[in-house]
Each structure stands twice: as C-alpha cells, then as structure tokens.
Amino acid sequence: MNTFYVTTPIYYANSLPHLGHLYTMIVADTVARAKRQRGIETYFLTGTDEHGINIERAAQKAGRTPQEQADYVVSYFTKMTSEFGLDTAHGGYDIFMRTTKPFHYEGVSELWRRISKAKTPKGNNAIYKGHYEGWFCAPCAEYKTEDEYQKPKNEGDPPTCLIHDTPLDRVSEESYFFRLSDYDEALLSVMETRPDFVRPDYRRNEVMSFVRGGLQDLSVSRLKTSVSWGVPVPGDPAHTMYVWFDALTNYITAIGFGNEERQKAVGFEKFWPALHLVGKDILRFHAVYWPAFLLAAGIELPRAIVAHGMWLDPNGRKMSKTLGNTIELDVLNKYFSNDAIRYFCLREMVFGQDGRFGYEALIDRANSDLASGWGNLSSRTLTMIARYCDSRIPSGLIPEDKLLLAKRTGVDTDETTVAGFIEHARDQFVQQFDNLAFSKALETAWSVVARIDKMITDAKPWDLAKDENQKQTLGVVLYRAAESLRWLSVMLYPVMPEASQAIWKQLGLDGSPAQVDPTQLKWGELKEGAAIAEVQPVFPRMDKAKIMSEITSGPEISTESSAPAVHATQADAVGITSFIEIDDFAKVDLRVGQVLSAERIPKADKLLLMKVDIGEEQPRQILAGIAQYYEPEKLIGRKVVIVANLKPRKLRGLESQGMVVAASYGEEGRPVIATFTEDVPNGARLK
Ligand code: ME8
C-alpha cells in the first residue's frame, strides 16, 4: 500500500512552545498535505516528550506534579496547533503523541526487552549493567564528554555546559548501558549504502565523522532515586529509562509497536518506516542512537532523518528569552495569517541552513510576494473576468477567423507556449518539493506568477475590452491567467491551504485543491462558461509602519529594533512566556502588611508562623517557607507584601490565610522578602 509517515520531534514538556517548535510542525504539516494530495495515505505525528529530570525540575519550580507540568505545557502546545491550523480538526497531525500514555509505556518496555535479549554485530550483549560516573547536563539530558563542556575557572567548581552555560552535575551510579561502541561499522555501512538516510549531505558528513571518531557506550538508565519521572526498566524497577531511549521510541509506539490497540487503530507495518524531521540540534540522537537501537531490536530503520537549521533573530543571534529577541506566538497569531507565516517560514529559510526571523521581513514578504504577487494576480484576473466576461470563464481558444487579429495585438496565439511553461514549472516544483527544497520550489511557483503577470500587462486587457473584435483575444488572455491560478492553487495548497482554497472557490471550482494531485494537472481543464464566485482579496496588504509600531509599543513584546523588554525571572526558568492582561493581574489582591509576631513551628524546619496586620480587624495567620533563611525575631515589625485573596490552606494542621511575597533565586530558590523603603500604611493595596 502507498503510505507515508512523517514526524516532528516530540517537544520537551518543560517549557512553552515557541517559533522553533511551530516551524518543524509547519514543515511536517506541509509535507503531509503534499503527500495526501498525491493520494498517499499519510500519518503525521507530533507531540511532547514528558519524562526526565528537566520536567521533574520544572514541575518542582512551578509547584506542580510532573504530570500537572506536562499537562500544563501540553495545553499550550495544543492551543498553538489549533490557532495555527496544524491540528487534526484543521487537516493537520494525526496524533499528538505523549510519552505519558500507557500504550507508550507498553511499547517502550517491549523495545527494551527485545534489545536486552539481543547481541551486537560484534557478538556481545547489547545491554549490560555497569557503573557510570560523569558530568551530566540536566537541560540537555545527557552526559557530556570533555570537549562538550567548558572547564571551570576555579578548581573544584563543576564544568559548565557549552550549550546552556549552566553547571553540570557529577553523576555516579549504577546504570544499564547500551553497547553503542559495537555499532559503528553497522551505522557507517547504512550511511554509505543509503546516501539519503541522513540529509542534507553536509549533515550526513558530520554524523559520519562523529561515528568514525569512535562511539562510546550509552548509559540508558538512571536510578529511580535520581530520576523517578520516567518509564521503569522492565524487570528492574529501581531504574528509570534514559529519557532519550523513551522519547525516540515514541515514533514506533504511536503507530502500534508493542500495543495491540494502537496496532489495530493505526498499524506499525502499514506506516513504518518514518521520515523524521528534526532540528540540527538533535540530529545525533536521531541519526546515531535511534538507528542503533533499532538495529539491535531487529526493526527496520527510518526512511530518512532530515535535519533543518535553526531560526535566529534578524541580527543572526540565537533566540533566547533573556536576550528578549524571541518571536512571540501570540504576536504572530494576532497580526499574521497562518498562510503568510507558513509561506515566510518555507520561503525564507533555505531548508537545512539557519534562517533569520523578523517581523519586518515577514511583513515585507507578505506584502511583496503575497499581496502584490499571487494575491494581486488572483484579484486582477478575477475582477476582469467579472467585468469583461460577465463573471464567466471565457474560452481559452481563438477561433480561426480571429487569429490574425489576435496576432496583431502581440498575444501569443499558440496556447501550448504558456501551457508548456507552466507544465515545466510544475514538474520542477514537484521535484524540488519532494527534495524538501521548499524555498526553491516557491521561487519556481513565483516564476509562474511573474510570467502570467507580465502576460496580462503586455496584453493590456483593459484596451482589448474596448474593441468588440478583440473579445476572443481578451478572453484567451483571461482564460490563461485563470487556468494558471487553478494550477497555482493546487501547487501551493500544501504551503498555503487557506489561500489556495479561497482562490479555488473564487474561480468557481468545486471540491478542494487538497484533492487534486499536482502531477495530474492538465492544461485546459478549467471549464469555459463556468461562473466565478465573488471576488475577495486573499492577502490584504499589511500596513508595516502601523503594525510595527503596535508590536514594538507592547511593553512585553520585543522585536528586532527594541531593547530586551523582558528580564529573566523565575517564570522564565519554567518557560512562562505568555502574558496576562491587566485584568488578570487585578485579580490578585496584594496588600501591605506588618509582621506582628513570628515563630518557628516544631518539627517543621522550613516553616515560620506569622501574624500579619493588613489593616483588617484581626491580623492574618500566615505560614511561610522561609525559616531556613530568616530569624523570626528579625521579621517582627517589618513591612511585607501579602497576597490577601489566596484561598486559605492548611499546612501542618495550621491554616495559612495568605502568602508573603518573596523573590526566589539561585539553585536552591533562596527567598528574599519584598519590602518598602518608604512609609506606607498597613492594608494599602499594590497595583
Ligand atoms: O529536543 N529553530 O525537544 P525540544 C528551529 N524532546 N527549530 C527549533 C528551534 C529554532 N530556534 N528551537 C527548537 C527535544 N526547534 C526532545 C526531542 S524527539 C524523540 C525528542 C525545534 O523541545 C527543532 O525541531 O528541545 C528542534 O529539533 C526541536 O524544536 C527541539 O525541541
């Protein structure tokens, strides 16, 4: 059966989605739509990676359980997929995979069992128990070798991660190992015999030289006492599986590996192997570890692993919340159509290489290529058909007796010229698209836009319309333009589904360009005499100055030209990037309070029990987890900030009627109580 399976990475559920995540989804969605359009049954997977120390830590910081943390982040991801038209309801993904699903546990345990029974190509056990000691980066979720970390300036300090610039953890513990070192030859042979296995070729070369440099065995479990949030190792629940082992396996568990129900619903044999789309940041995991696991388990290797580049800011810097140069999904969603964003992403980034993303560049492209380009071609063609041809598609043929007349106007009377041009462009487009050369493919499509635009400008239909004898010549010009629009709608559907559908409808066509295979397009199938629909602009022009001033004046939103507006906070640490409205803030009743008494609580070494006057009849009883950092006596008389409308809750059997506001910093989250340097009465509200 003709099937296709495409995946994005499953994103960490420890921070909120951003442009990078959106990008890989857009690419995968475009690929999936193009395959479906060609009649290929396609399965498209995206989702979240929900286990591991990072999620545990993010949850802890945010005061949630790991599952709550995952659910919280997933709700933002599904909001994003819905807003940007990437979910199932909009014809996008088939599954939003989550590694916390029970069927995934079953499948990943099955893979582990298979590999633990396997022998390597060199005859050794593929998994063995050993002892591991090394420098571990929690954000990367991997041990770092000497050339992957920054040595400390002061002796005794831990080294820091080159990627995250954070201190590494010294980890020494019993661990299961995957004997990756025995797979070097097997992996090299795959990459030699299948040159398309890792793409683009320069990434393949990088991976091959990494493998040639020698592979080290991979620690694939952590003691449950160090990492508890994960899948237990089958037969040894004192160990939790390494998060990458767990995460990579999602690609097969989602379609039925190791689980009957999924197997029936989707079908492993039906869809495997997959095309994995990933950012270059995680290529090694996909091109080395994953194929090695699959080789060990005797499972067919992926169809290919394709690595794309990273989005940088307009100045070529990596996007980061601390630099304040990230692209906010809310801003994108508010000001730009989904199609414009999709077009920009695919046109602007040469697939494989890094690209720069800026709002101004996006507006420029939307105006020049979409509003003035394809959009204008569509509205001028359709408007003229409405005006000069009574809203009916004219004939594409010039009768014999009018040929000479038509020739005199300079219009090419041989329709195969334009038909040949567009057929050739379509063939090139499809080929470039199949090679994931989206930027080139779009350039090819725009060569059609330019050619047809020129044809119209040269033929001057507005002059032809003045001469009754040139009615057929006028009709032919408009027919060719309209037929080209039909072709463009089909070709561009995977990239811009909404606009393609809109133009299709305005041409008076039934069905959807989603159902037309571009390779089967035949020139001349647009029916003469068919009524067109009401003409509406598909890509309204964007007022650059106005939009940029709105974007830049938003206090929370930073752009290429403004200084960082957001400072790193504890919220950033858990990845909170969305903003609240002033009304949301107003819901929090913050009051000035004065500490009347403070004392320790027996057997609770972190808590202090305080009485705080916030201008009410009775002082509030408040418990605060600050006993390790504050002497109770020193707090008496101090002005503090209290969250006064926090639902009371019991701690150690005592009711806490509010919360003391404190900053929190450093690894251990040291609290520093907020206070005032000027006199202020108790009970005053903070706004
Ligand atoms: O690595 N430009 O998840 P992750 C383009 N859970 N793409 C970007 C990007 C940028 N600036 N930033 C992120 C993980 N991405 C693992 C994956 S898969 C079995 C487990 C995209 O949340 C890109 O696809 O860090 C990149 O590979 C991915 O997000 C990393 O997502």
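Reckoned from all heavy atoms, side chains included, excluding hydrogens, waters and symmetry mates. In this text the structure is predicted, and so the values were computed from the model without any measurement. Counting starts at 1 for both ligands and their atoms, following the listed order.
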### Query
Is there a salt bridge (Lys or Arg N to Asp or Glu O under 4.0 Å) between Arg98 and Asp71 once you walk through the steps?
CA-CA 10 Å; Arg98 300 187 58 179; Asp71 292 347; 2.6 Å; yes
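Those atoms of ligand 1 with a heavy atom of His308 less than 4.0 angstrom away are 5 (C), 7 (N), 23 (C), 24 (O). Near His21, the atoms of ligand 1 lying under 4.0 angstrom from a non-hydrogen atom of the residue are 22 (O), 29 (O), 31 (O). Residue-ligand proximity, Thr24 to ligand 1, at heavy-atom distances under 4.0 Å covers atoms 21 (C), 23 (C), 24 (O). Close contacts between ligand 1 and Leu248 involve ligand atoms 19 (C) [criterion: under 4.0 Å to a heavy atom]. Distances below 4.0 Å separate heavy atoms of Pro9 from the following atoms of ligand 1: 18 (S), 24 (O), 27 (O). Atom numbering of ligand 1 starts at 1 in the shown order; those under 4.0 Å from a heavy atom of Met310 are 2 (N), 5 (C), 8 (C), 9 (C), 10 (C), 12 (N). Those atoms of ligand 1 with a heavy atom of Asp281 less than 4.0 angstrom away are 26 (C), 27 (O), 30 (C). Close approach of ligand 1 to Trp311 is summarised as follows: ligand atoms under 4.0 Å from at least one heavy atom of the residue are 2 (N), 5 (C), 10 (C), 11 (N).
What sits closest to atom 31 (O) of ligand 1 on the protein, heavy atoms only, is Tyr11 CD2, 3.4 Å. The single protein non-hydrogen atom nearest to atom 19 (C) of ligand 1 is Tyr251 OH, 3.5 Å, given as residue, atom name and distance. For atom 9 (C) of ligand 1, the nearest non-hydrogen atom of the protein is Gly20 CA, 3.4 Å. Looking only at heavy atoms of the protein, atom 13 (C) of ligand 1 is closest to His18 CE1, 3.6 Å. The single protein non-hydrogen atom nearest to atom 22 (O) of ligand 1 is Tyr12 N, 3.0 Å, given as residue, atom name and distance. Given atom 20 (C) of ligand 1, the protein heavy atom at minimum distance is Ile10 O, 3.3 Å.
Between Tyr176 and the choices Trp112, Phe245, Tyr128, Tyr242, the ring pair (Phe, Tyr, Trp, His ring centres under 6.0 Å) rule is met once, by Trp112. Of the candidates Phe257, Phe4, Tyr43, Phe271 forms a ring pair (Phe, Tyr, Trp, His ring centres under 6.0 Å) with just one, namely Tyr43.
Other residues, nucleotides and ligands contribute over 12 non-hydrogen atoms within 6.0 Å of the NZ atom of Lys280. Counting non-hydrogen atoms of neighbouring residues, nucleotides and ligands closer than 6.0 angstrom, the CD atom of Gln216 reaches no more than 12 such neighbours. Within a 6.0 Å sphere centred on CD of Glu261, other residues, nucleotides and ligands contribute 12 heavy atoms or fewer.
Using modelled atom types, one side-chain atom of His21 and one backbone atom of His18 make a donor-acceptor pair closer than 3.5 Å.
For ligand 1, the polar-atom distance check finds an N/O of Asp49 within less than 3.5 Å of one of the ligand's N/O atoms. Taking distance alone, with nitrogen or oxygen atoms compared against 3.5 Å, Gly309 stays at or beyond that limit from ligand 1. Annotation: His286 places no N or O atom under 3.5 Å from an N or O atom of ligand 1; distance criterion only.
Using a 4.5 Å heavy-atom cutoff, the side chains of Arg342 and Pro494 are not in contact.
Trp311 does not carry Arg356 over the face of its six-membered ring by the limits of under 6.0 Å from the centre and within 45° of the normal. Cation-pi geometry between Lys144 and Tyr149 is not met: the NZ or CZ atom fails to fall both under 6.0 Å from the ring centre and inside 45° of the normal. Cation-pi geometry between Arg36 and Phe44 is not met: the NZ or CZ atom fails to fall both under 6.0 Å from the ring centre and inside 45° of the normal.
Taking a 4.0 Å cut-off on heavy atoms, Trp244 registers as neighbouring ligand 1.
Look at Arg33 and Asp29 and you find a salt bridge, because one of the NZ, NE, NH1 or NH2 atoms lies within 4.0 Å of a carboxylate O, short of that distance.
At a heavy-atom distance under 4.0 Å, no atom of Leu19 approaches ligand 1. Using a 4.0 Å cut-off between heavy atoms, Phe285 makes no contact with ligand 1 at all. If you look at Lys318 next to ligand 1, there are no close heavy atoms at all, none under 4.0 Å.
Side-chain polar atoms of Glu498 and Ser337 form no donor-acceptor pair below 3.5 angstrom.
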